[in-house]
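These notes are about the structure you will find just below.
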Amino acid sequence: MSRFKSDFLRTLDERGFIHQVSDETGLDDLLTKETVTAYIGYDPTASSLHVGSLIQIMMLHWFQQTGHQPISLMGGGTGMVGDPSFKEEARQLMTIDKIEENIASIKRCFAHYLNYEAGPKGGALMINNGEWLRDLNYLEFLRDVGRHFSVNRMLSFDSVKTRLDREQSLSFLEFNYMILQAYDFVELNQRYGCRLQMGGSDQ
């Protein structure tokens, strides 16, 4: 018998999808009481997603199937930096045109698993974080957001620590990625009432 009351967490648990939950009881209770909006982010580093993204896509699929609203967040802003997680070297920087071309191609993948036409309450959303990241004022962002992040804590994350332990270069550009990624949650919460982030075990 599952330890979860909510349909969504029970479904994920049955499929072995759950690695960690920051507040298991609180989330389970929330999902049984109201419709929740959640997101997973995808960086458009290629014209298609690889098979490793299928588990995350299916998490969004089951989220919608159990009565909640999923957001597939496209990294039109973060894709300009590139996720340093578990990479031996920096990603090749892409132009905005190439990023947008990749996003348009990736959208076709999601259409097979998520219903974006189910109406304002149940319809999935596809959002591009370039909407808010590309126009950030750098000095204001450092002052208002950057001051809340501990460099010591950031250095302890596996995505950074692994590169440094191997004595492989990690650029300042890449180091900023996790701050931009965290800022996405703030914007999604304010704009769409998003209260939950999901992702792979590296998130």
Side-chain angles (χ1 to χ4, degrees), residues 17-24 27 37-46 49-50 52-53 55-57 59-60 70-96 98-100 102-103 106 125-203:
F17 278 24
I18 298 176
H19 175 62
Q20 290 175 321
V21 183
S22 58
D23 181 4
E24 189 174 284
L27 178 60
T37 300
Y39 82 100
I40 298 178
Y42 301 86
D43 267 356
T45 53
L49 298 172
H50 58 72
S53 296
I55 290 177
Q56 288 87 350
I57 293 173
M59 287 169 67
L60 292 178
I71 295 176
S72 46
L73 181 67
M74 298 291 103
T78 46
M80 296 180 70
V81 175
D83 185 354
S85 298
F86 308 108
K87 302 294 182 292
E88 294 185 359
E89 57 186 22
R91 292 182 185 272
Q92 183 176 355
L93 296 181
M94 298 181 292
T95 64
I96 291 178
K98 181 59 178 175
I99 289 171
E100 293 299 328
N102 286 348
I103 289 174
I106 290 171
L125 301 174
M126 182 169 284
I127 310 296
N128 185 338
N129 67 11
E131 292 178 20
W132 53 82
L133 292 181
R134 289 178 185 169
D135 293 328
L136 283 176
N137 181 296
Y138 184 62
L139 291 179
E140 288 182 0
F141 182 73
L142 285 180
R143 184 190 63 196
D144 297 338
V145 178
R147 63 191 177 91
H148 296 290
F149 287 79
S150 163
V151 172
N152 295 30
R153 178 76 177 104
M154 293 166 74
L155 288 172
S156 72
F157 284 107
D158 285 343
S159 58
V160 174
K161 192 172 182 298
T162 302
R163 286 271 288 274
L164 297 179
D165 288 346
R166 292 177 181 170
E167 298 184 359
Q168 294 164 333
S169 175
L170 180 73
S171 71
F172 181 71
L173 177 67
E174 293 175 284
F175 193 63
N176 277 268
Y177 183 88
M178 67 180 73
I179 300 179
L180 297 175
Q181 190 179 49
Y183 188 69
D184 284 341
F185 185 83
V186 175
E187 288 290 331
L188 289 171
N189 176 263
Q190 292 177 351
R191 294 174 184 230
Y192 304 99
C194 183
R195 301 176 66 181
L196 174 65
Q197 179 197 17
M198 302 185 291
S201 60
D202 61 321
Q203 297 298 304

Test log, rule side chain to side chain contact (heavy atoms under 4.5 Å, CB included), inputs Leu180 and Trp132: CA-CA 10 Å; Leu180 297 175; Trp132 53 82; over 6 Å; no

Please report the closest heavy-atom contact between Gly76 and Asn129, naming both atoms and the distance. N-OD1, 3.1 Å

Tell me yes or no: between the side chains of Glu100 and Asn128, is some donor less than 3.5 Å from an acceptor? yes

Specify the closest pair of heavy atoms between Met178 and Phe157, including all atoms of both residues, with the distance to one decimal. SD-CD1, 3.9 Å

Is there side-chain contact between Ile57 and Ile40, with heavy atoms separated by less than 4.5 Å? no

Pairwise distance OG1(Thr78) to CD(Gln181) - rounded to 0.5 angstrom: 7.5 Å

So Glu187 and Glu131, side chain to side chain contact (heavy atoms under 4.5 Å, CB included) or not? Walk me through it. CA-CA 10 Å; Glu187 288 290 331; Glu131 292 178 20; over 6 Å; no

Given the rule in the side chain to side chain contact (heavy atoms under 4.5 Å, CB included) test, do Tyr39 and Ile127 qualify, once you have shown the distances and angles that lead to the verdict? CA-CA 10 Å; Tyr39 82 100; Ile127 310 296; over 6 Å; no

May I ask you to decide if the ring planes of Phe141 and Tyr183 are parallel, tilted or perpendicular, using 30° and 60° as cut-offs? perpendicular

Rounded at 0.5 Å granularity, tell me how far CG in Asn102 sits from CG in Asp43. 10.5 Å

What distance do Met198 atom CE and Ile55 atom CD1 have between them, rounded to the nearest 0.5 Å? 13.0 Å

What is the distance from atom CZ of Arg134 to atom CG of Leu136, rounded to the nearest 0.5 Å? 12.0 Å

Looking at every non-hydrogen atom in both residues, tell me the closest pair between Gly79 and Pro44 and how far apart they are. CA-CD, 4.4 Å

Roughly how far apart are Gln56 CD and Phe17 CZ, rounded to 0.5 Å? 9.0 Å

Spatial distance of atom CE (Met154) from atom CG (Asn176) [nearest 0.5 Å]: 6.5 Å

When you look at Ile106 and Tyr42, which way does the side chain to side chain contact (heavy atoms under 4.5 Å, CB included) test go after all the steps? CA-CA 9 Å; Ile106 290 171; Tyr42 301 86; 5.7 Å; no

Residues two or more places apart in sequence or in another chain: which of them pass side-chain contact (heavy atoms from CB on, under 4.5 Å) with Leu155? Val151, Val160, Leu164, Phe175

Sort and list the pairs that fulfil side chain to side chain donor-acceptor pair (under 3.5 Å) and have at least one residue in residues 141-153, not counting sequence neighbours. Arg153-Ser156

Contact between Leu93 and Leu173 at the side-chain level, heavy atoms closer than 4.5 Å - yes or no? yes

